[in-house]
Amino acid sequence: MSDVRRRVVVTGRVQGVFFRDTCQRVASGLGVRGWVRNRGDGAVELVAEGPPDRVEQLVGWCRQGPPRAQVTGVDVSGEPPAGERGFRIRY
(Lines give C-alpha, C1' and ligand atoms only; values in the text may rest on other atoms or scores of the structure.)
Protein backbone atom coordinates (compact mmCIF):
# COMPACT_ATOMS: atom_id res chain seq x y z
CA MET A 1 0.00 0.00 0.00
CA SER A 2 1.47 3.36 -1.00
CA ASP A 3 1.77 6.41 1.22
CA VAL A 4 -0.78 9.21 1.29
CA ARG A 5 -0.43 12.89 2.13
CA ARG A 6 -3.04 15.03 3.86
CA ARG A 7 -3.09 18.74 4.61
CA VAL A 8 -5.11 19.44 7.76
CA VAL A 9 -6.29 22.80 9.09
CA VAL A 10 -7.61 22.70 12.66
CA THR A 11 -9.65 25.59 14.04
CA GLY A 12 -10.90 26.49 17.51
CA ARG A 13 -8.84 27.06 20.63
CA VAL A 14 -5.80 25.26 19.25
CA GLN A 15 -2.92 27.67 19.86
CA GLY A 16 -1.29 27.99 23.27
CA VAL A 17 -2.55 24.55 24.34
CA PHE A 18 0.47 22.41 23.30
CA PHE A 19 -1.25 21.30 20.08
CA ARG A 20 1.95 21.39 17.98
CA ASP A 21 4.12 19.62 20.56
CA THR A 22 1.56 16.91 21.20
CA CYS A 23 0.85 16.50 17.48
CA GLN A 24 4.56 15.99 16.85
CA ARG A 25 4.73 13.28 19.52
CA VAL A 26 1.60 11.52 18.25
CA ALA A 27 2.77 11.66 14.62
CA SER A 28 6.25 10.40 15.48
CA GLY A 29 4.76 7.55 17.50
CA LEU A 30 2.64 6.56 14.51
CA GLY A 31 5.57 6.80 12.11
CA VAL A 32 3.90 9.63 10.20
CA ARG A 33 6.12 12.20 8.50
CA GLY A 34 5.48 15.90 7.84
CA TRP A 35 5.15 19.10 9.82
CA VAL A 36 2.82 21.23 11.97
CA ARG A 37 2.66 25.01 12.45
CA ASN A 38 0.58 27.79 13.95
CA ARG A 39 -1.08 30.05 11.39
CA GLY A 40 -1.59 33.78 11.75
CA ASP A 41 -5.37 33.34 11.72
CA GLY A 42 -5.33 31.28 14.95
CA ALA A 43 -5.58 27.88 13.26
CA VAL A 44 -3.05 25.05 13.31
CA GLU A 45 -1.99 23.57 9.97
CA LEU A 46 -0.23 20.29 9.42
CA VAL A 47 0.89 18.03 6.61
CA ALA A 48 0.92 14.31 7.33
CA GLU A 49 2.45 11.70 5.06
CA GLY A 50 2.67 7.95 5.50
CA PRO A 51 0.62 4.75 5.44
CA PRO A 52 -3.09 5.57 4.99
CA ASP A 53 -4.23 3.98 8.25
CA ARG A 54 -1.63 5.85 10.30
CA VAL A 55 -2.31 9.18 8.63
CA GLU A 56 -6.03 8.69 9.32
CA GLN A 57 -5.24 7.94 12.99
CA LEU A 58 -3.40 11.27 13.21
CA VAL A 59 -6.28 13.09 11.49
CA GLY A 60 -8.62 11.46 14.00
CA TRP A 61 -6.45 12.69 16.86
CA CYS A 62 -6.64 16.22 15.38
CA ARG A 63 -10.42 16.17 15.75
CA GLN A 64 -9.93 16.19 19.54
CA GLY A 65 -6.39 17.49 20.05
CA PRO A 66 -4.64 17.70 23.41
CA PRO A 67 -6.67 18.05 26.63
CA ARG A 68 -6.71 21.87 26.72
CA ALA A 69 -7.74 22.30 23.07
CA GLN A 70 -11.27 23.05 21.94
CA VAL A 71 -11.42 21.93 18.31
CA THR A 72 -14.32 23.41 16.36
CA GLY A 73 -13.31 22.41 12.82
CA VAL A 74 -11.00 20.13 10.89
CA ASP A 75 -10.53 20.63 7.15
CA VAL A 76 -8.69 17.79 5.38
CA SER A 77 -7.46 17.79 1.80
CA GLY A 78 -5.36 15.29 -0.12
CA GLU A 79 -2.09 16.03 -1.89
CA PRO A 80 0.47 13.93 -3.75
CA PRO A 81 3.17 12.53 -1.41
CA ALA A 82 6.33 14.65 -1.40
CA GLY A 83 8.79 12.41 0.45
CA GLU A 84 8.73 14.12 3.85
CA ARG A 85 11.35 13.02 6.40
CA GLY A 86 10.55 12.98 10.09
CA PHE A 87 7.85 15.12 11.69
CA ARG A 88 8.80 18.63 12.74
CA ILE A 89 7.32 21.80 14.16
CA ARG A 90 7.56 24.73 11.79
CA TYR A 91 7.93 28.19 13.29
Side-chain angles (χ1 to χ4, degrees):
M1 190 177 289
S2 58
D3 286 349
V4 298
R5 179 180 173 103
R6 300 287 181 262
R7 182 173 301 269
V8 183
V9 177
V10 186
T11 54
R13 193 176 107 206
V14 292
Q15 291 189 14
V17 295
F18 298 99
F19 199 103
R20 292 175 303 162
D21 291 334
T22 308
C23 182
Q24 181 184 37
R25 279 186 278 140
V26 170
S28 296
L30 289 169
V32 172
R33 303 172 309 279
W35 52 265
V36 62
R37 70 180 179 117
N38 283 344
R39 292 186 358 169
D41 63 1
V44 169
E45 179 180 22
L46 64 111
V47 165
E49 193 170 291
D53 60 332
R54 298 200 178 188
V55 170
E56 290 309 314
Q57 285 181 56
L58 181 61
V59 171
W61 175 85
C62 288
R63 295 185 191 287
Q64 174 111 22
R68 293 177 48 208
Q70 292 178 348
V71 175
T72 58
V74 178
D75 182 48
V76 183
S77 57
E79 300 180 349
E84 296 284 344
R85 293 177 179 246
F87 197 94
R88 65 197 181 286
I89 297 173
R90 282 191 174 176
Y91 294 97

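Computed from a predicted model, the values in this text were never measured in an experiment.
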Does a side-chain heavy-atom distance below 4.5 Å link [X] with [Y]?
X     : Y     : value
Pro51 : Asp3  : yes
Leu58 : Val8  : no
Phe87 : Val36 : yes

When rounded to the nearest 0.5 angstrom, what is the spacing between [atom1] in [X] and [atom2] in [Y]?
X     : Y     : atom1 : atom2 : answer
Cys62 : Glu56 : SG    : CD    : 10.5 Å
Arg90 : Asn38 : CZ    : CG    : 13.0 Å
Ile89 : Arg37 : CD1   : CZ    : 13.5 Å

Exercise for the section: Mind listing the closest non-hydrogen atom pair of Pro52 and Ser2 along with its distance? Expected result: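 Closest approach of Pro52 to Ser2, heavy atoms only: CD-O, 3.5 Å.
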Exercise for the section: Check for a donor-acceptor pair, side chain of Gln15 on one end and backbone N or O of Asp41 on the other, with a separation under 3.5 Å. Expected result: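 Not a single qualifying donor-acceptor pair exists.
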If two hydrophobic side chains count as joined below 4.5 Å and joins carry through other members, does [X] share a cluster with [Y]?
X     : Y     : result
Val47 : Val9  : no
Val59 : Phe19 : yes
Val26 : Phe18 : no

Handout entry: Pair Trp35 and Tyr91, ring centroids less than 6.0 Å apart
Key =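 Here the rings of Tyr91 and Trp35 have centres that are no less than 6.0 Å from each other.
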Got a list of side-chain donor-acceptor pairs under 3.5 Å for residues 66-76, not counting sequence neighbours?
unit_1: Thr72; atom_1: OG1; unit_2: Thr11; atom_2: O; d: 3.4
unit_1: Thr72; atom_1: OG1; unit_2: Gly12; atom_2: N; d: 3.4

Problem - Qualifying residues under side-chain hydrogen bond (donor to acceptor under 3.5 Å, both in side chains), relative to Arg5, sequence neighbours excluded - result: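 For Arg5 the side-chain hydrogen bond (donor to acceptor under 3.5 Å, both in side chains) partners, ignoring immediate neighbours, are Glu49, Glu79, Glu84.
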